[in-house]
Amino acid sequence: MKQHKPVVMIEIFERNYKEISTILHSYGYEKTEQISDEDYIFRNKN
């Protein structure tokens, strides 16, 4: 992920959101879109 920096579409349940988003942030990703209640788009901000 660090080398290619793909856009990530991921389903995250509310109970896991904080942990998963923290992991994605550690790779330089930020949430750019919420598609539905549990589906998100993350893009690398670098």
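Keep in mind that the numbers below use all heavy atoms, side chains included, and drop hydrogens, waters and symmetry copies.
Put simply, the side chain of E38 does not reach to within 4.5 Å of the side chain of E14, judged on heavy atoms. Within the 4.5 Å cutoff, no side-chain heavy atoms of I35 are placed close to those of Y40. Counting heavy atoms from C-beta on, the side chains of Y29 and P6 come closer than 4.5 Å.
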#### Entry: Derivation of the side-chain contact (heavy atoms from CB on, under 4.5 Å) call for I20 and I10
CA-CA 10 Å; I20 300 300; I10 186 169; 4.0 Å; yes
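A donor-acceptor contact shorter than 3.5 Å is absent between the side chain of D39 and the backbone of M9.
Cluster annotation: L24 and V7 are assigned to distinct hydrophobic clusters (Ile/Leu/Val/Met/Phe/Trp/Tyr, side-chain heavy-atom contacts under 4.5 Å, transitive). Y17 and I41 fall into different hydrophobic clusters, where Ile, Leu, Val, Met, Phe, Trp and Tyr side chains are chained together by heavy-atom contacts under 4.5 Å.
For NZ of K18, the number of neighbouring non-hydrogen atoms (other residues, nucleotides, ligands) closer than 6.0 Å is 12 at most.
One distance of note links CD1 of I23 with CG of N16; it measures 9.5 Å at 0.5 Å rounding. Distance check, rounded to the nearest 0.5 Å: NE2 of H4 to CG of N44 gives 12.5 Å. If you take CZ on R43 and NZ on K31, they are separated by 14.0 Å, rounding to the nearest 0.5 Å.
The minimum heavy-atom distance between E30 and H25, with the atom names listed, is CA-CE1, 4.0 Å.
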